[in-house]
Trainee: 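The structure's right below; bear with me while I get my questions together.
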Amino acid sequence: MSKSILELLFTAGFTSLIVGCSSVDNSARSRPNIIFIMSDDHAVPAVSAYGGFLAEIFKTPNLDRLADEGMRFNNAFCTNSICTPSRASILTGKYSHMNGVYTLEEKISDDQTTFPKLLRQAGYYTGMIGKWHLHTEPKGFDYWKVMVGQGRYHDPIYCEMGKGWSRDPEGGVGASYSGHVTDINTDFALDFLENRPKNKPFSLLLHYKAPHDEWEYNEKYEDFLADIDVPEPSTLYDDYGTRGYGIKLQTQKIGENHTFYENETGHLSGKARKAAQYQSYIKRYLRCVASIDENIGRVLRYLDDNDLTDNTIVVYTSDQGFYLGEHGMYDKRFMYEESLRIPLLIRYPKAVQSGIVNNDIVTNIDFASTFLDYANVGIPEDIQGESLRDLVEGNTPEDWRQSMYYRYWMHGAHFNIPGHYGIRTKDYKLIYFYSKGLGYSYDEYYPTVHWSYEGNIIRDGEPYWEMYDLKNDPNELNNIYDNPKFLSIRERLISELFELKDYYGDSDEAFPELFKLTRQYSGRN
Ligand code: CA
């Protein structure tokens, strides 16, 4: 055999070896895996890395590990503070008025482009585990195992791909699993990771039910926080003095509307009753979060043990914020900080420095673009969010957004909260409570569906504005809309708000009265 043939054989073998490596590299190594972990109603102060009013007595070591090893976003916001619409916005990268999921009731249409569908087309192995809460069968996944509707805390029912689907969680489709939902959800997520094809990058949506109401914690946390007084937020006894009718008439008031655990606090009245009911509520809530944190520890350990940590983007967030007693409330919906802000931690050791804090304004429509960007998949032009990749890697573009747009549609449908939209900049917030149903209120919308909610008394009412100086009044106690000192800032914010409405295509054209206002304020009569 001549030397040249040997050389030829060697070269051919070597080349095929390189090709072999390269194919593994492209599919499984160079593109990051993605785990998008989302809890339901997890407020920022209940993540100890954020150092809020609970941080002294409540620790989330595993979530804090993500912050320590990745990036913590201080100004991350949802675009519509309610469960189902938030999930649709995350999947599509679009506002509610673009994806058609405005309230808890609309179905997401099957033909919509979502980031899991695009990742799957690009060769990712895609999965969805946990609380789905959209009303059609999950699409775009190689595997799913989900709770439809709210799901149950104990012995939850899951529907599994290939074994039937029903919108009705108790409709006889699906199987019940014994135990607490947060543990079971994690079991299923680890099964997904264990059983996935190892030659493909993966994308897993891991969505927890907790800490949504009614906060049925795992019994093993029964004694957790039992013997201490949990600190109260400074606005627990807010009297709503300077604000409009929305916050005054809302029915999310601790100790007044939701009577938490009467057997513990029913004998009390006034401030003492509110204080006691706050304790009952917050302890249950935090016990649910403690379970979440424990289970995220299990996921992170799995990644460590299987050499996946470095090449996996782990995102932790919530579908919206939540009131942990601030302004005397529980629940969400308003554009005030507590329900607008979401916790957001992103760890990706390959690209993200550890322990970095980011203060840029980001929203839940940005996730889709971010994942597609990292997966090297083209971002469709009609996606409204922006990729966070540059931010995550410490290079925020100079022209990054300086404000965000928010809209809550369910006028009076739940807890008496009026429909509103607004703008938040780093320093100010301006909210327009347009106070009209527009087809999404209790009166106009809910009688047509299978449930209704008691305590709805507001109808179409007088619109009003609120404005806050977030630097000097971070708790939003002092509405400065009519304060002459802020007149020029107010005018600037109004212009910017309507520029954002234009930019995102939320012109209210279908609602003549509001449309007129939009045109008027944007200077286009
Ligand atoms: Ca939620």
Side-chain angles (χ1 to χ4, degrees), residues 36-47 63 76-92 95-96 99 101-108 128-135 138 146-153 156 169 181-182 185 205-217 250-252 254 258 281-282 284-289 291-293 295-296 315-327 329-345 363-365 367 406-410 413-415 417 440 451 453:
F36 181 72
I37 309 173
M38 183 163 76
S39 296
D40 195 329
D41 297 355
H42 191 174
V44 167
V47 177
L63 288 169
F77 305 107
C78 61
T79 46
N80 181 0
S81 184
I82 188 76
C83 308
T84 302
S86 172
R87 287 153 204 273
S89 284
I90 287 167
L91 288 172
T92 59
Y95 274 90
S96 306
N99 64 37
V101 182
Y102 299 82
T103 76
L104 290 170
E105 292 299 330
E106 290 88 11
K107 294 177 180 174
I108 187 167
M128 163 71 217
I129 302 289
K131 184 173 176 182
W132 178 239
H133 208 197
L134 291 160
H135 306 302
V146 301
M147 286 174 292
V148 298
Q150 296 289 0
R152 299 199 302 226
Y153 267 109
V181 67
T182 305
N185 227 32
L205 276 54
L206 169 53
H207 292 183
Y208 288 103
K209 169 184 172 58
H212 193 278
D213 69 18
E214 298 265 342
W215 314 293
E216 295 171 29
Y217 53 85
Q250 49 81 19
T251 54
Q252 310 184 152
I254 292 174
H258 196 309
Y281 157 53
I282 197 71
R284 282 167 172 80
Y285 182 96
L286 295 178
R287 287 168 191 160
C288 284
V289 177
S291 250
I292 297 263
D293 188 73
N295 276 280
I296 283 165
V315 174
Y316 183 82
T317 193
S318 171
D319 59 345
Q320 5 66 210
F322 210 72
Y323 295 93
L324 302 179
E326 297 95 341
H327 305 292
M329 289 192 279
Y330 66 103
D331 221 77
K332 50 229 178 195
R333 301 153 204 281
F334 278 116
M335 195 192 167
Y336 303 125
E337 288 294 274
E338 294 81 5
S339 45
L340 179 68
R341 274 183 89 195
I342 51 176
L344 176 58
L345 311 170
T363 73
N364 63 354
I365 61 167
F367 293 126
Y406 175 88
R407 184 158 188 176
Y408 176 74
W409 290 83
M410 295 175 66
H414 267 178
F415 302 107
I417 293 166
Y440 301 99
W451 57 272
Y453 206 89

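All figures in this text were calculated on a predicted structure; none of them were measured in a lab. Atoms within each ligand, like the ligands themselves, are counted from 1 in listed order.
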Trainee: Mind checking what makes salt bridge (Lys or Arg N to Asp or Glu O under 4.0 Å) contact with E216, not counting sequence neighbours?
Mentor: none
Trainee: Taking the six-membered ring for Trp, are the ring centroids of Y406 and F77 within less than 6.0 Å of each other?
Mentor: no
Trainee: Applying the salt bridge (Lys or Arg N to Asp or Glu O under 4.0 Å) test to D41, which of R333, K209, K332 qualifies?
Mentor: K332
Trainee: Can you name the residues that form a side chain to side chain donor-acceptor pair (under 3.5 Å) with Y323, not counting sequence neighbours?
Mentor: S339
Trainee: Holding to side chain to side chain donor-acceptor pair (under 3.5 Å), I want the full list of residues that pass it with S291, two or more places apart in sequence or in another chain.
Mentor: none
Trainee: Is a donor from one side chain sitting under 3.5 angstrom from an acceptor on the other, for T182 and N295?
Mentor: no
Trainee: Are there any protein N/O/S atoms under 3.0 Å from the Ca ion (ligand 1), and if so, which?
Mentor: D40 OD1, D41 OD1, C83 SG, D319 OD1, D319 OD2, Q320 OE1
